[in-house]
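Structure first, commentary second.
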Amino acid sequence: MLESYLNKQVLITGGLGFIGSNLARKLVALGAHVTLADSLIPQYGGNPFNIEDIRDHVLVNVCDVRDPFAIAYLLKDKDYLFNLAGQTSHLDSMVDPKTDLDINAQAQLSILEACRKVNTELKIVFASTRQIYGKPDYLPVDEKHPIRPVDVNGINKLAGEWYHLLYNNIYGIRACALRLTNTYGPGMRVKDARQTFLGIWVRLLIEGKPIKVFGDGTQLRDFNYVDDCIDALLLAGASDDSNGKIYNLGSSEVISLKELAELMVNLESGCTFELIPFPPERKAIDIGDYYSDFGLIKRELGWKPKIGLREGLSRTLAFYRAHQHRYWDSII
Ligand SMILES: NC(=O)c1ccc[n+]([C@@H]2O[C@H](COP(=O)([O-])OP(=O)(O)OC[C@H]3O[C@@H](n4cnc5c(N)ncnc54)[C@H](O)[C@@H]3O)[C@@H](O)[C@H]2O)c1
């Protein structure tokens, strides 16, 4: 895997966001020539501070994946595309479904059309989501589980994922999709609860305010530290065994939200949490208990998460204690 990226041209859409910027840092270390495409739409997760330490080692192109001309230009000479740009808020997708459709489905199709026209040789890794499974019929959820998205975002991410597989199968443009579970770490959006409850929990803890757990806190979840997610993206990009495939990411460290809150409060002394009733708009799209079976990617690509929750959360809290003023409010 390490040699696959040496001196290679890599485009990351959503490259100023949480996962994209961490991926960029690793690719720079592996000797790749990295270009980041990001629209920096203010209410989304992009933040130039995410790449402060590698600013001189990457090319940044502030553009929108909905602009087919800009994207075709950027795709021309690339060996790899890590396609991470997305509208990530499930609630926002219900309030403004058209924008979610445009970014998560239509723009994905136009990115693939651009590949078909200007570069059929590159390898694409698409960041999909476990949200598309909806409320699980059984646990852990494997890739054969029925797909029943509970929100507009899930439907559009599913379309985006399947456009990639279709272009792999019909046009031979090598592509695969990873269905990410809750991913956390330095650079995640913490200014609000739009992306994940974990982000706002981190912020509240550092501000010394109680964190709020919806419902009775018994919902089960699994989490990946961002470095583990990056390893999976890189392994999937480097291997042709992944072409045309979908893989779940996940963790065997399954935890209830109440236990997670207890762990986090423990890591940030003097803090507390409280159970509050589920806000109705969140309850409507909640998926109940979820954790993944990630056996397929383990068997086929040799991936498994390495960073435990306690260690990952400690690193995350330390990062935001040091850099909170770069993340709380304004991003540019
Ligand atoms: N973080 C998670 O827990 C998680 C879970 C499942 C799936 N994912 C997927 O992983 C990908 C990356 O997520 P993230 O957590 O890094 O989120 P993020 O919001 O930090 O990053 C997404 C980036 O995409 C950019 N972007 C949004 N719309 C764009 C557009 N129209 N044109 C160009 N750039 C645009 C944003 O500015 C942002 O920088 C997303 O596709 C998301 O759906 C993330």
Side-chain angles (χ1 to χ4, degrees), residues 11-25 35-51 60-68 70-71 74 81-90 92-93 96 98-108 110-111 124-133 149 151-161 164 177-199 221-226 228-230 232-233 247-251 287 290 292 312 316 327 331-332:
L11 177 64
I12 306 175
T13 67
L16 295 177
F18 163 43
I19 298 173
S21 59
N22 279 288
L23 176 63
R25 184 168 298 102
T35 303
L36 310 177
D38 201 296
S39 58
L40 282 179
I41 296 168
Q43 66 269 33
Y44 293 178
N47 184 340
F49 185 72
N50 282 339
I51 57 153
V60 177
N61 194 301
V62 178
C63 69
D64 198 298
V65 290
R66 288 168 288 184
D67 175 350
I71 292 299
L74 291 173
L81 165 62
F82 290 94
N83 195 7
L84 271 51
Q87 193 300 106
T88 60
S89 164
H90 299 284
D92 286 5
S93 81
D96 179 7
K98 175 70 167 50
T99 299
D100 195 87
L101 175 74
D102 290 346
I103 297 175
N104 288 330
Q106 191 177 303
Q108 304 309 315
S110 83
I111 289 170
I124 311 174
V125 183
F126 176 69
S128 183
T129 172
R130 57 108 170 110
Q131 185 77 3
I132 64 176
Y133 292 115
D151 55 36
V152 167
N153 180 264
I155 294 175
N156 293 331
K157 288 294 281 187
L158 179 63
E161 178 189 283
H164 284 77
L178 303 186
R179 289 180 181 158
L180 276 49
T181 191
N182 307 277
T183 309
Y184 70 98
M188 69 194 289
R189 182 158 81 187
V190 293
K191 60 186 171 180
D192 55 34
R194 268 201 166 98
Q195 187 175 38
T196 153
F197 68 90
L198 202 53
R221 287 285 183 276
D222 60 352
F223 296 88
N224 281 144
Y225 186 66
V226 65
D228 285 326
C229 174
I230 300 311
L233 290 163
Y247 296 105
N248 280 351
L249 301 192
S251 166
I287 59 166
Y290 178 92
S292 295
T316 307
Y327 287 90
I331 56 156
I332 304 178

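All residue numbers refer to positions in the sequence shown, counting from 1. Numbering of ligands and ligand atoms starts at 1, following listing order.
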Which of the numbered atoms in ligand 1 are under 4.0 angstrom from any heavy atom belonging to [X]?
X      : answer
Cys63  : 32 (N), 33 (C)
Ser128 : 6 (C), 7 (C)
Gly14  : 23 (C), 24 (O), 25 (C)
Ile103 : 28 (N), 31 (N)
Leu16  : 39 (O)

Polar contacts were defined as any N/O atom of the residue lying under 3.5 Å from an N/O atom of the ligand; does this apply to [X] and ligand 1?
X      : value
Gly17  : yes
Gln87  : no
Lys157 : yes
Arg130 : no
Asn182 : no
Ala37  : no
Ile41  : no

Residue selection (non-hydrogen contact nearest [atom]) among [options]:
atom                    : options                      : value
atom 8 (N) of ligand 1  : Asp100, Leu180, Asn156       : Leu180
atom 40 (C) of ligand 1 : Leu40, Thr181, Leu178, Leu84 : Leu84
atom 27 (C) of ligand 1 : Ala85, Gly86, Gly160         : Gly86
atom 19 (O) of ligand 1 : Cys229, Gly199, Ala70, Gly45 : Gly45
atom 28 (N) of ligand 1 : Tyr44, Phe82, Phe18          : Tyr44

Should [X] and [Y] count as side-chain neighbours, where that means a heavy-atom distance under 4.5 Å?
X      : Y      : answer
Pro48  : Leu40  : yes
Arg179 : Glu161 : yes
Phe18  : Cys229 : no
Ile12  : Leu23  : yes
Val125 : Leu81  : no

Taking atom types as modelled, find out whether [X] and [Y] have a side-chain donor-acceptor pair closer than 3.5 angstrom.
X     : Y      : answer
Tyr44 : Asp92  : no
Asp96 : Thr99  : yes
Gln87 : Asn104 : no
Asn47 : Arg189 : no

Can you pull out the closest protein heavy atom to [atom]? Residue, atom name and distance to 0.1 Å, please.
atom                    : result
atom 3 (O) of ligand 1  : Thr183 N, 2.9 Å
atom 42 (C) of ligand 1 : Thr88 CG2, 3.6 Å
atom 10 (O) of ligand 1 : Ala127 CB, 3.5 Å
atom 37 (O) of ligand 1 : Asp38 OD1, 2.6 Å
atom 17 (O) of ligand 1 : Gln195 NE2, 2.8 Å
atom 31 (N) of ligand 1 : Asp64 OD1, 2.8 Å
atom 29 (C) of ligand 1 : Ser39 OG, 3.2 Å
atom 16 (O) of ligand 1 : Ile19 N, 2.8 Å

Donor-acceptor check, side chain of [X] to backbone of [Y], threshold 3.5 angstrom: yes or no?
X      : Y      : result
Ser128 : Ala177 : no
Asn22  : Val226 : no
Asn224 : Gly250 : yes
Arg66  : Gln106 : no
Asn83  : Phe126 : no

- Message: Checking side-chain hydrogen bond (donor to acceptor under 3.5 Å, both in side chains) between Gln131 and each of Asp151, Asn153, Asn182, Thr181, which is the one that passes?
- Response: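 So, applying the side-chain hydrogen bond (donor to acceptor under 3.5 Å, both in side chains) to Gln131 and each of Asp151, Asn153, Asn182, Thr181, only Asp151 qualifies.
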- Would you say Ala107 touches ligand 1, if touching means a heavy atom closer than 4.0 Å?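 Not so, Ala107 does not reach ligand 1.
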- Message: Would Arg66 count as a contact residue for ligand 1, given that I'm defining contact as a non-hydrogen atom of the residue lying under 4.0 Å from a ligand atom?
- Response: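 It does, in that a heavy atom of Arg66 comes within the 4.0 Å cut-off of ligand 1.
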- Look at the rings of Phe223 and Phe197 and say which category their plane angle falls in: under 30° parallel, 30 to 60° tilted, over 60° perpendicular.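 Plane angle over 60°, so perpendicular.
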